Peer 1: 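Would you mind keeping the following structure in view while I ask a few things?
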Amino acid sequence: QNGSTPTAQEGEGSGALTPVSVGVIPIVDVAPIYLGVEQGFFEEEGLDVTLELAQGGAAIVPAVMSGQYQFGFSNTTSLILASEQGLGITILTAGAISTGEVGADFGGVVAMPDSGIATAADLAGKTVAVNTLKNIGDTTVRAVVDQAGADPDSVTFVEMGFPDMPAAVAGGQVDAAWIVEPHLTRAIQAGAQVVSWNFAESDPDLLVGVYFTSQQRVADDPEMVAAFTAAMRKSLDYGQSNPDAIRAVLDTYTEIDPAVKEAMSLPHWAPDAEAGAIQRLADLGARYGMFDSPPDTSKLLP
Amino acid sequence: MTRAWRPILLATGLPAVLLGLWWALTAESTSFFNPPLARILAQFRQTWFTQPFGESLFVHDVLPSVARLLAGYLVALAIGVGLGVAIGSSRALRAYCEPVLEFFRAIPPPVMVPILMLFLGIGTPMRVFVIATGCLWPILLNTIEGVRGIDPVLRDTARAYRLGRRSMVRHLVVRGASPQIVTGARQALSIGIILMVISEMFTARDGLGFTVVSFQRSFAIPEMWSGVIILGLIGVLLSLVFRAVTEAVLAWYLGYRSAQRGGA
Amino acid sequence: MTSRVRRRLPGWAWGLAGVATLLAVLEAVPRAGVVDRRFLPTSSDILGTLVHRLGSGEFWTALGQTLTTWGAGLGIALTAGVALGVVIGMAPFLRAATASTIEFLRPVPSVALIPVAVLLFGTGRASTLLLVVYASFWQVLVQVLSGVQDVDPVASDTARSYRFSLWARVRTVIWPTTLPYAMTGLRLAASVALILTVTGELLIGTPGLGLLISRAQSSGAVASMYALVVVTGLLGVALNLLARAVEARALFWHPSIRGEAP
Amino acid sequence: MTSPATTPEHGARLDVRGLRKVYTGRGEPVEAIAELTFEVKAGELVCVVGPSGAGKTTLLRCMAGLMPATSGAITLGGAPISGPPPGMAVVLQEYGRSLFPWMSVAQNVDLPLREKGVRRAERRTKVSEALAAVGLGDVHDAYPWQLSGGMQQRVAIARAAAYEPQVLLMDEPFAAVDAQTRFELEDLVRSLWRRLGVTVVFVTHDIDEAIYLGERVLVLSARPTVVLEDVSVGLGAERDQLTTRADPEFARLRTHVYELVQAAKRGARTLADAHLTHPVRIGGEAR
Amino acid sequence: MTSPATTPEHGARLDVRGLRKVYTGRGEPVEAIAELTFEVKAGELVCVVGPSGAGKTTLLRCMAGLMPATSGAITLGGAPISGPPPGMAVVLQEYGRSLFPWMSVAQNVDLPLREKGVRRAERRTKVSEALAAVGLGDVHDAYPWQLSGGMQQRVAIARAAAYEPQVLLMDEPFAAVDAQTRFELEDLVRSLWRRLGVTVVFVTHDIDEAIYLGERVLVLSARPTVVLEDVSVGLGAERDQLTTRADPEFARLRTHVYELVQAAKRGARTLADAHLTHPVRIGGEAR
Ligand SMILES: Nc1ncnc2c1ncn2[C@@H]1O[C@H](COP(=O)(O)OP(=O)(O)OP(=O)(O)O)[C@@H](O)[C@H]1O
Ligand SMILES: Nc1ncnc2c1ncn2[C@@H]1O[C@H](COP(=O)(O)OP(=O)(O)OP(=O)(O)O)[C@@H](O)[C@H]1O
Ligand SMILES: [Mg+2]
Ligand SMILES: [Mg+2]
């Protein structure tokens, strides 16, 4: 149960399975692929999936590009960035999408009640922690501050890992933090309150994470890509309609505290990575200084 | 004439060969993560020395990082030598401290950062602290071993003349251990640079390390490599300063060691 | 030497006392409310989780994987560092010719090499191994270089005057002098290798303790994470005990070990 | 040259009672000293001779408080020695290694004086005088490793002399110097001793030197060491390289001590064992 | 004891021509040796005396090929010396530091033999014999730092003796041993020399020793060094501690050399400067 599934030694009548490695991050977003593997969706498509855990894109993108992993999960903005730099990347399916519900999303901006921050507008002039600068976090926070009529450029952003944010907010090291589950719930349990649901508020269908592969692989091995895409779509649909199974499968690759697990919000999972959603992200990025010119995201889709 | 050039030739010969190799091997490279050296060098000026100079990344990111590095390094030097002298001089103290020190020594800085953040915040003090804790170990270990290895005859001489505690430390222990202390300090210099990067990987907003990691994360690979080159250059520069200081501090040692190799 | 009792107390007793002090401080700080217990658990919480961890096979597998990567990396770094250190240290020309390159390469952080490592070796053990070797090699090299320089000129003249072969000089004069330096290099490299094994596992995702830490961290399982961190710390302590034992045997002749004959 | 006189009375009685020293390091325990009992009166100059490896250095290091005895007691002026006592200077046998290589010759001589609290100006004269006295007036700024063996040894002697101790312990201090310099240094020690009234214990292998210098010569047996004989030297207080060495008593003592050392080397542990070829006068009675 | 005889002819002629050595390290350059020209015939035993700091060690280290000369040439058996030549053994003045502390006494003696390619069984006898000859038959397994100064020095001598060199250079090798042992070691060197026909250069401060041992005594001036006199010792080949030292010629040579060293210390640089109090016989003619 350490993140990889046992390989099927004897192909159960269906012939040999194609071994496939997928780079994933140990967060809630990727629960459907775990569930999908458990449910046998990938075997049905002739794939023997090994899930490889890594901490972030720094390792997953090069591994996919070099062919060491066939597929990977990544934050969408990072892939737009990579594509802008000339990496041949193809997005196959959506990974995690904002629930679009203000009050019940899997990411938001939190602050302590005594910080004087109650709304997005109050973030102006404050220090806000995000996990990565020039990425989806600061872009969407700027967007909501802008929407609230305050000056987005007056917000100071600091990089910090999500796990460290609850302590930093509670201890006053930062004024506020953009944070995702399960740490969002941890922060709330530690007394913080959500001041903005920046995903839902900036785009109800915000495409936070996606599954991708290299353009090379699409060209070389279209059947495998098709099989993976099909199984992945099935998994995402299954995950969306079975939240209890999702919460159960989390125990196999995370150590989230049961109390947190029950309280937290899950992302929305849908199979389609819509061109429009990707372009909206790119445009947001362009508007808030991530890119010099609006990127062309069409090359990211098959 | 050739004599004056010799050290310069020696210092630049191998780097020139290696750069040449790097250039040649990557000239045709189409690999995204391993771009041609030509591209990296082309990126170099553009990335770090944009106009106006006052707003270039060099001033904005490199200089503050180096300042933190030096601060952390000097703190480590003071604590490392002080603590090392105490621990090296007392068997009981060594036995008492060693397990705890070894425990902390083995803990990766990335996981220490969150705890430090709780106590020191996320500003400069925390980063200086991370750099200092990293630099501490080689200095501390080498000082301890240097102190333990001091010639017993010298120690006896100092004792017989009843040198006070302070003179003992100043004239015997620190000087006697100085060759090894310098070795530790040399090690610490490059570790300091590495930790400068690590300390900026977490909870950072500026700094050379932060910039390099951001480049890496945004897949600006030639820019990232140019940052790595800057790190190396800082290493070379600091080591030049370090060598000059060493030659002054260890003049006796270098003379002593070469005295019998022909007196030159 | 103020009292007899103090002298008689064996080394390990002092060590235990030191550890006890640390545990007490770690217990007291969160309890006293200096920091939130949720973010920095007490030592009893951590140890409780640790004991629980020790019961799982997953933990032992990860520990084994970490130790394998660590051992292999350290072994390679040590062999290469000692061999190159002795060769470069003995030849003044090589010393001068390599100095600038060494100073350039040493401060390049292993973490910056992650994408290259992954590209070259994938996310398996080889990538982490590259980082481990790269980082710990310099520690050994620099120590050995200093050690070679520290050879007593009288001893080396003696060897020269009896026309010892190069190999004999290395074996009988240079190596024994270098050994104390190399031991320190080993101890430094051992912990750097451990740190980078764990960091590599953490960032690249090579299986091992680091991956477990990363998982616990991403899940916000604070006590669980620190329990694993404690394990790496304890590994460090164990390694040091080992290094000290080796040292006591190999360096019995050195003033630092032979001490004052009672 | 005025001495800072940290204690009013110069010189102190040194008393060694039942001293025993066993080295228990690596390997078999080595019994270096079996049983030594003797005393050195305040302001007396005693020479110690004995075969190589007898335990002379061991004895000196115990007396200097640098090494604990296995059993027995050493007292200086009535107080038991547990560490190096104040007002004592030692010249160690390993002269080369006893100089601080990171200090110049002058700094090496100066350091103990500074520790003693002597003023800067006074220190400067003392250092110069001491170095000139050992014939090293011209190497103040050299480092010890730039000196020849004999010069190093003389720096160590100058350091002890400049210190103006109440007790002076010297372990083969003239082993590395030429014959002429040796004579001069012998006279230096004697004049120092007479001027300051310092208690001196002087270990040497040169029997002539022992007799010329000492008021008593302590002859030690081979290891494990006991006192073979405590020879009184009745040569008077005024000595001179030419006349003293020509004295028939000098020649007699010399033969006597030489035979004792020979006997010690053969393994003699008592006077009776020694089978001397000439009549023995019991030490002390000759005076 | 058979020697492995790496060269058929034992002993080799050592020729020093216009040797000059200036130390140019830290500080002012020091001219240690001004001009030395002399030769040591194959199989000859020459003693070198001179004031402390004269440059005896410097000379020896140049002859051993351990240090380059500033100018001049040293040849051994006709071949110029550029590094330590084969078949040579050196006993350095810093005996303590010339022993490897990480090896036992026996290993220290054994190692050069091993390097020379002597068989194990033969090595064992050679090591035992050499250690027994210097009176250290019982400390094979001790480490150098467990020995007294004199014992360490004897280990270094044993190491050189066991090596059975063709050229033996010794720098004050008996400085730290007692009188009796010194006599025995002197006889050891002479017997070694006669048995092996080895060329020996022996630096000492003990003038009696120089005359007793040497066929010639080279008296050096003070720094910067020249040869003050090359004294031939006409005492014959058979020598004996009792009779030789009682020989009137011995006494005459002794006074002569002693006066030369005294003059050298005073700064004499030629025989004429030396103002000797007794008639000078030109070295070599006395034979
Ligand atoms: N650290 C030690 N461990 C074991 N034995 C030792 C140690 N130090 C000295 N000894 C032994 O003790 C004995 C006496 O040594 P010591 O140095 O006192 O002799 P010494 O009389 O000074 O001789 P020398 O005249 O040669 O200097 C020697 O036999 C020596 O082997
Ligand atoms: N490394 C050095 N640098 C400068 N001067 C030196 C160095 N080594 C020796 N000297 C000087 O050279 C001179 C000769 O030294 P050397 O050791 O040869 O004398 P020596 O005749 O062996 O004396 P001794 O009898 O005292 O051993 C001395 O005056 C010494 O100060
Ligand atoms: Mg002694
Ligand atoms: Mg000399």
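Small disclaimer: the values here were computed from a predicted structure and weren't measured. Throughout, a chain's letter reflects where its sequence line sits, starting with A, and its residues are numbered from 1.
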Peer 1: Going by heavy atoms in the side chains, are D:R97 and E:R97 under 4.5 Å from each other?
Peer 2: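 When only atoms from C-beta onward are counted, E:R97 and D:R97 do touch, with a gap below 4.5 Å.
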Peer 1: Checking heavy atoms, do the side chain of E:T57, its backbone, both or neither come under 4.5 Å from chain D?
Peer 2: neither
Peer 1: How close do D:M151 and E:S52 get, counting heavy atoms only, and between which atoms?
Peer 2: N-OG, 3.6 Å
Peer 1: Quick check for you: to the nearest 0.5 Å, what is the distance between E:H205 atom NE2 and D:T181 atom OG1?
Peer 2: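 Reported to 0.5 Å precision, the distance equals 7.5 Å.
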Peer 1: Looking at E:R254, I want to see if its CZ is surrounded by more than 12 non-hydrogen atoms of other residues, nucleotides or ligands under 6.0 Å.
Peer 2: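 No, CZ of E:R254 has 12 or fewer neighbouring heavy atoms, counting only those of other groups under 6.0 Å.
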Peer 1: Side chain from CB out, backbone as N, CA, C, O: work out which of these in E:F174 comes under 4.5 Å of a heavy atom of chain D, or both, or neither.
Peer 2: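 Contact with chain D: none, neither part.
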Peer 1: Are E:E184 and D:K265 close enough for a salt bridge, meaning some N to O gap below 4.0 Å?
Peer 2: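 A salt bridge links E:E184 with D:K265.
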Peer 1: Please report the interatomic distance CG(D:D178) to CG(E:D206), rounded to the nearest 0.5 Å.
Peer 2: 11.5 Å
Peer 1: Got a sec, which residues hit side-chain contact (heavy atoms from CB on, under 4.5 Å) with D:A176, two or more places apart in sequence or on another chain?
Peer 2: D:Y95, D:Q153, E:Q93, E:E172
Peer 1: Please classify the contact of E:Q146 with chain D as side chain, backbone, both or neither, using a heavy-atom distance under 4.5 Å.
Peer 2: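 Side chain only.
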Peer 1: Once rounded to the nearest 0.5 Å, what's the spacing between atom CD of E:Q180 and atom CD of D:E259?
Peer 2: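 Reported value, rounded in 0.5 Å steps: 10.5 Å.
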Peer 1: To the nearest 0.5 Å, how far apart are NZ in D:K56 and OG in E:S148?
Peer 2: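 With rounding to 0.5 Å, NZ (D:K56) is 6.5 Å from OG (E:S148).
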Peer 1: Which bit of D:R182 comes within less than 4.5 Å of chain E, counting heavy atoms only: side chain, backbone, both or neither?
Peer 2: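 Interface part for D:R182: neither.
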